Amino acid sequence: MASMRSHRNITETKTGSITPEERRATYRTIAGLAIPTFGQLIASPLFVMIDTAIVGHISDSALAGLSIGSTVVLTTVGLCIFLAYGTTSQVARLMGAGRRREGMQAGVDGMWLAFVIGLVVCALLLALSRPICSLMGARGPVLQAAQTYLNALVFGLPAMLLVYAANGIFRGLQKVKITLVAAVSGAILNTALEILLVFGLHMDILGSGLATLIAEWAMGLFLTIPALVWARQEGAQLRPRLSGMAASMGDGFPLFLRTLALRICLFMTVVAAAHLGEQVLAAYQGVNSAWNFGLNMLDAVGIAGQSLVATELGARQRARARVMTDLSAKAGMAMGVLVGLVMIALGLLAAPLFSPTPAIRSLITVGMIVQGVFMPVAGWMWALDGILIGAGDYRYLAATCSLTAVIYVIGLLGMTALAINWTPTWRIAMLWAVLNVLFIGVRAICNGLRTRTDVWMGTISQIKEA
């Protein structure tokens, strides 16, 4: 693969430095992987962002209900992110070791696991949608809107998880352009269906959920079919293998714990926003949809670094893995600066896209400015997070993210209790400030300390011989 060949040409001095030309070549490789990867990552957040822009013009209660319903869906899907991250690391390391068939087989096993999990979770959420939304603080019209949206979109969960698993294969192979095509096509389809169903057929928030459901299945089929074709060409078996699915689940369990801890943080943030008032909750949804979009730009850099570092570690090239780590972290911070500036500009200029209510527009502006200021730190942290995942340092990530969750939830609850007498402007500003200082900041410290050592590069055990 061209991208693999390009970054393997790095030559190091005894101090580990590289020439400016080699550095530029590596950044080009990272960009070549990160840009298409971003296309896949933004699919679900972009759909929610489109939903937010359209539903926000129905009513404030519909927008608040969308915040609850979309959070349940994104939390559920996010808990299964190991289907993509774990598969990416497995495939890339096996490819780096020259074991293509086994790498593709790991990808197929991950896809079967994703489909089964999707069916189970779909049934559970369909049965528990109302009590879950109520538990998050939704009441009256907000509860009805949240349940309606969730019940429509929940049938797309198997497709969403199939997309995650299929992209684990694409990233590991470093064939990621197809993900960009899928995301763009899905976004266009979702937008057209949203306009038709919500405004044309007057289906309100139900039409929004149905539009996203159809777009998710279109993306799922678009990505699953070629992934299976490529796997078959490498000699992998396409039938379900219980042993392979169990192995994928076992490897991904620490990643699941890591993601569970992080999702608890985000879940509690929505709960806190709900308790801070309907206007704060509605504004939170507007900021959060843009934030999720921006975070996926950061995550794309992290995943590019993850794929490159995992390939080098699979080939036992630890020195090159260290160089990739340093350059990926710098690329992540640079992307954070760019995303932060864009978020501040959006907050100042584009808040009317999310709500026609002046008070909510003002709160969205404040939230986006706070987020934009902290984005460079988030970019650096997200890049290192991807590197540690690529290295298989799952247990460390599970432990540190659990610590982060404890610290963050305590801080969030304390802030919510103090905010009872604050103005809505101060409430949303402090909500996002606490998230960045504790949720992002603690993880940044933990990841930075870990990558200063070489311990994380030894967490990948010797790849078992076939």
Side-chain angles (χ1 to χ4, degrees), residues 40-41 43-45 47-48 69-91 104-129 131-132 150-172 179 182 186 209 212-225 227-228 231 236-264 266-267 299 303 389 394 397-398 401:
Q40 181 271 322
L41 289 173
S44 292
F47 291 169
V48 171
S70 63
T71 297
V72 174
V73 173
L74 292 176
T75 297
T76 303
V77 174
L79 286 174
C80 299
I81 195 68
F82 69 88
L83 295 169
Y85 286 167
T87 303
T88 297
S89 299
Q90 283 183 313
V91 173
M104 296 304 293
Q105 188 65 62
V108 172
D109 293 337
M111 291 178 68
W112 275 110
L113 178 62
F115 186 67
V116 171
I117 291 176
L119 292 177
V120 172
V121 173
C122 175
L124 289 174
L125 285 184
L126 193 62
L128 301 173
S129 60
I132 290 174
L150 181 57
N151 285 348
L153 188 54
V154 72
F155 291 102
L157 278 171
M160 296 181 199
L161 299 189
L162 275 175
V163 168
Y164 271 167
N167 276 283
I169 295 178
F170 298 136
R171 296 171 191 171
T179 64
T212 303
L213 164 67
I214 296 170
E216 290 286 3
W217 271 108
M219 280 187 59
L221 294 175
F222 184 85
L223 293 172
T224 297
I225 293 173
L228 293 177
Q237 298 180 24
L238 301 186
R239 61 178 177 80
R241 301 186 318 140
L242 292 179
S243 60
M245 293 167 63
S248 295
M249 179 63 81
D251 290 341
F253 186 68
L255 274 179
F256 171 79
L257 293 179
R258 161 200 173 268
T259 306
L260 176 62
L262 300 181
R263 286 292 164 176
I264 288 173
L266 298 179
F267 182 90
D299 207 13
I303 289 174
I389 291 173
Y394 305 149
L397 290 171
C401 288

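We're numbering straight along the sequence, starting at 1. All values reported here derive from a predicted model rather than from experimental measurement.
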Fill in: Least distance between heavy atoms, Ala114 atom then Ala165 atom
CB-CB, 3.8 Å
Worksheet item: Which pair of heavy atoms, one from Val108 and one from Ala231, lies closest together, and at what distance?
Response: CG2-CB, 3.5 Å
Response to the item:
Closest non-hydrogen contact found for Gly156 with Trp217 is CA-NE1, 3.8 Å
Worksheet entry | CZ (Phe155) with more than 12 external heavy atoms under 6.0 Å | no
Worksheet entry | Minimum-distance pair of heavy atoms, taken over all atoms of Ala152 and Leu213 | O-CD2, 3.6 Å
Fill in: Spacing of OG1 belonging to Thr76 relative to CG belonging to Leu125, to within rounding of 0.5 Å
4.5 Å
Practice prompt. Please round to the nearest 0.5 Å and tell me the distance separating atom CD1 of Ile225 and atom CG of Leu221.
Written response: 5.5 Å
Response to the item:
Residue set satisfying side-chain contact (heavy atoms from CB on, under 4.5 Å) with Ala166, at least two apart, ordered chain then number -> Met111, Phe170, Leu223, Ala227
Worksheet item: Looking at CE of Met219 and CG of Leu162, how far apart are the two atoms once the value is rounded to the nearest 0.5 Å?
Response: 11.5 Å
Worksheet item: Mind checking what makes side-chain contact (heavy atoms from CB on, under 4.5 Å) contact with Leu260, not counting sequence neighbours?
Response: Leu79, Phe256, Ile264
Discussion item. One pair to check against side chain to side chain contact (heavy atoms under 4.5 Å, CB included): Val73 and Met160. What are the steps and the verdict?
Written reply: CA-CA 10 Å; Val73 173; Met160 296 181 199; 4.0 Å; yes
Worksheet entry | Gap separating the CG atom of Leu113 from the CD1 atom of Ile117, nearest 0.5 angstrom | 4.0 Å
Response to the item:
Closest non-hydrogen contact found for Pro254 with Ala398 is O-CB, 3.5 Å
Discussion item. Would you compute the distance between atom CG of Leu124 and atom CG of Leu119 and round it to the nearest 0.5 angstrom?
Written reply: 11.0 Å
Worksheet item: Can you tell which of Val154, Asn151, Val72 makes a side-chain contact (heavy atoms from CB on, under 4.5 Å) with Ser129?
Response: Asn151
